[in-house]
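This is the structure, below, for whatever I ask next.
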Amino acid sequence: MAIIDAHQLQRDWADMTPARARALQRESAARVHLRTEVALPPDTVAGVDVGFENGDTARAAVVVLRYADLEPVDYALARLPVTFPYVPGLLSFRECPVILRALEQLRVAPDLLLCDGHGVAHPRRLGIAAHLGVLTGLPTVGVAKKKLCGRHGAVPEGRGEWTPLKDGDETLGAVLRTRPGVKPLFISPGHRLDLPAALELVMHCTTRYRLPETTRWADGLASNRGQRWLARLDQLR
DNA sequence: GCGACAG
DNA sequence: ATCTTGTCGC
């Protein structure tokens, strides 16, 4: 998947500051598409996540699954020194560079990306999922375990039920119960998808755990016990 | 000034 | 995110 210029992005963001980052977010948010522009169902879905080694090196993992049976068809890993601190609201400036390095090594370009973190459910409507969408042009969905902003009511208990996450009159996303009796997930469109499509995609990818299979694979590979997950992907590369 | 605060 | 033992429950 060689459509991305990860090195160019690294150069462009080399001297990024929180103030410049916020300004860039306001500009980039105007490029986000919230209409569904992907054929459903898709052929493949990818999960992306980033882990940290010793706090100074970021490790990104991308795993592409066949949508029909959620079996892995490709994956890629990348490592890069950390160059930006974790600041709530500016997560993409810390994780996008290494994620793009991993994405460009993919042999199978996925139809869409499920990201760890929010999409437009963000103070300036550009969470990491939305930002990755604008940077790659790929449809993306934000899948977060905690709220960043917005308000919501009680979430119904049944699997697949949800309640809107809103900021005033604006609906930013949904708080989704992927499993009964388990803490809900925060789902929001990233790019080229609307909320109903985002919810359908996430529910399809979520089988027997709280998190979608895409996220579980990426999370496992990016973590420190990634070796164990790698063993199940050996024959792919 | 006081809370809230993705990963 | 990461560090890190035991423990409750199916």
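Labels below follow one simple rule: chain letters A, B, ... track the order of the sequence lines, proteins then strands, and each chain is numbered from 1.
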For the pair A:Met203 and A:Arg159, evaluate side-chain contact (heavy atoms from CB on, under 4.5 Å) and give the outcome as yes or no after the intermediate values. CA-CA 9 Å; A:Met203 282 309 296; A:Arg159 165 179 159 81; 3.3 Å; yes
Looking at every non-hydrogen atom in both residues, tell me the closest pair between A:Ala58 and A:Val98 and how far apart they are. O-CG2, 3.8 Å
Euclidean distance, atom CG of residue A:Asp56 to atom P of C:dA1 [Å, nearest integer]: 18 Å
Please list, in 5' to 3' order, the outermost nucleotides of DNA chain B lying under 4.0 Å from any heavy atom of chain A. B:dC5 to B:dG7
Base, sugar-phosphate or nothing for A:Ile99? Non-hydrogen atoms, less than 4.0 Å. nothing
Please work out if A:Tyr86 contacts a base, only the sugar-phosphate, or nothing of the nucleic acid, heavy-atom cut-off 4.0 Å. base
Is there a salt bridge (charged side-chain N to carboxylate O under 4.0 Å, His left out) between A:Asp219 and A:Lys145 once you walk through the steps? CA-CA 13 Å; A:Asp219 202 80; A:Lys145 296 178 283 298; 5.1 Å; no
Hey, does A:Gly51 reach any base, or is it just sugar-phosphate, or nothing, if we go heavy atoms under 4.0 Å? sugar-phosphate
Mind running side-chain contact (heavy atoms from CB on, under 4.5 Å) on A:Arg94 and A:Phe52 for me, showing each step along the way? CA-CA 11 Å; A:Arg94 180 174 170 80; A:Phe52 296 87; 3.5 Å; yes
Phosphate contact (C:dC3 OP1 or OP2) by A:Asn54 side-chain N/O below 4.0 Å: no
For atom CZ of A:Arg208 and atom P of C:dC10, their distance in whole Å: 16 Å
Can you list the steps and then say if A:Arg216 with A:Thr207 is a side-chain contact (heavy atoms from CB on, under 4.5 Å)? CA-CA 11 Å; A:Arg216 298 188 68 249; A:Thr207 53; over 6 Å; no
Is any side-chain heavy atom of A:Val50 less than 4.5 Å from a side-chain heavy atom of A:Asp116? no
So what does A:Asp49 hit on the nucleic acid, given a heavy-atom distance under 4.0 Å: a base, only sugar-phosphate, or nothing? sugar-phosphate
